[in-house]
> 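The structure follows.
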2 protein chains.
Amino acid sequence: MTAATPKGERRRQALVEAAAGLLVDGGFDAVRHRAVAERAGLPLASTTYYFDSLDELVTAALEFHGRAELEYGKARLDELDPGECGGEAFIDLVLDLLLGPPAGDRDAEAVLLRYERLVATGRRPYLRPLMRKLSGELHGLLLDIFTRAGQPVGRERVEELIALVDGAVVNALIEISPDPRAAARRMLAKAMQPR
Amino acid sequence: MTAATPKGERRRQALVEAAAGLLVDGGFDAVRHRAVAERAGLPLASTTYYFDSLDELVTAALEFHGRAELEYGKARLDELDPGECGGEAFIDLVLDLLLGPPAGDRDAEAVLLRYERLVATGRRPYLRPLMRKLSGELHGLLLDIFTRAGQPVGRERVEELIALVDGAVVNALIEISPDPRAAARRMLAKAMQPR
DNA sequence: AGTAATTTGGTACGGTTGTGCCAGATTACT
DNA sequence: AGTAATCTGGCACAACCGTACCAAATTACT
């Protein structure tokens, strides 16, 4: 259901943000009615009042988070130095867009979460339209970045690089001390060096 | 706990196989005490008698399934025609090893499961040693296959191709009608064609 | 044959889950 | 001001879950 009063709208938004936070911290399984309510400082019933089902709440949370990430990506794009084209910094930028900003010693978990979301989409068909939309915008962003870096590439090449990064990440997850970002960086650097 | 009597050993094995079946059909979340017991035609308590915890049962199921898959891979390797080296059939073979044998109209779900397993390992550190072992054997198998096909490659190249396939799969999962195997085949064919 | 170890299976407990219910408080509208 | 719509929040329910318990049955061993 959608809120009809200003205060109601604020409450609804608080729930969405709380749900998004839980999504980032603990994955889809962490987004529960009670957990969301507690995190937002609201009663349990408010979650079922503003959202007809848990799926609806999860969708709203994913959209909120996805939008925020795209905003971050666009900001990074705007401050891109056109001189930079193939150096370490450029690779790190692409990684930031695909894996999110580095999260220090929690980085492996943060990256893991992104791929849990991706894979979980397979079991939650209702998320696919949203995921496709977000993913499409991300692809476009990457195209822009390569172009602005004076290294224009085609759509196919972008998809190939994304696949390389994603594959490197999921394969790194089974290491004893996983460092998916480092694994992805190695792959990406190797694929982008001129031959 | 480990069984000490022949009949007990048979029962324990039945539980493992039931759990593996559930794992394949519905992912980790489907492996529950009650579901396993019902599928094996055994009482609930038998699951807690032979396995100290659910994690132990999941581990046994994963190992059982992983071994079966490696057996399948080795069999495919043995019947490989040394003449075949870069054709469609060869690509399909590599895909079969990485994604399992094609499962018809249930293929997308079967493939999805493989990646749920991979990602779920991130949240279940106790599975990492086993996953590493299975993954290592699979890498070795692929090395053998490329060698036998008269197209020897290095370990790094194998890792790159695997990453490409894995990345193509996870990105295909968000399509409206996902066909991850086809997406992976496209990527693989492009990467393996001589330049 | 008889004792000990193992296995069986029904049952119960405490916890968490999504969701429905509803009397009362708050807000919007005429 | 007064009626209607909206919102609030405490509570309960039924369905799961992992796991513990334990008397009875079965099997292994001397």
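Just so we're clear, the structure is a prediction, and the values are computed from it rather than from any experiment. Residue numbers begin at 1 in each chain, while the letters A, B, ... track the order of the sequences.
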> Do you know which two heavy atoms are closest between B:Pro102 and B:Asp107, and how far apart they sit?
CA-OD1, 3.6 Å
> Check this one for me: any side-chain N or O of A:His33 less than 4.0 Å away from OP1 or OP2 of C:dT19?
yes
> Using heavy-atom distances to pick each residue's nearest nucleotide on DNA chain D, tell me which of A:Arg11 and B:Arg32 is more 5'.
A:Arg11
> Between P on C:dT17 and CZ on A:Phe28, what's the gap in Å once rounded to a whole number?
17 Å
> Are A:Leu112 and A:Val24 joined in one hydrophobic group, where the rule is that I, L, V, M, F, W and Y side chains link up if heavy atoms are under 4.5 Å apart?
no
> Does B:Gly8 or B:Arg34 map to a spot on DNA chain C nearer the 5' end, using the closest nucleotide for each?
B:Gly8
> Which residues in residues 37-64 of chain B have at least one heavy atom lying under 4.0 Å from any atom of DNA chain C?
B:Pro43, B:Leu44, B:Ala45, B:Tyr49, B:Tyr50
> Nearest heavy-atom pair of B:Arg181 and B:Asp96: which atoms, and what distance?
NH1-OD1, 3.4 Å
> Heavy atoms only: give me the nearest A:Ala168-B:Ala163 pair and the separation to one decimal.
N-CB, 3.6 Å
> Would B:Arg11 count as a cation-pi partner of B:Tyr50, with NZ or CZ less than 6.0 Å from the six-membered ring centre and within 45° of the ring normal?
no
> Does anything in residues 16-24 of chain A reach DNA chain C, meaning a heavy atom under 4.0 Å, and if so which residues?
none
> Going 5' to 3' along DNA chain D, between which two nucleotides do contacts with chain B fall, using a heavy-atom cut-off of 4.0 Å?
D:dC17 to D:dA28
> Where do B:Glu175 and A:Arg128 land on the salt bridge (Lys or Arg N to Asp or Glu O under 4.0 Å) test, with the steps shown first?
CA-CA 7 Å; B:Glu175 297 297 324; A:Arg128 276 181 209 162; over 6 Å; no
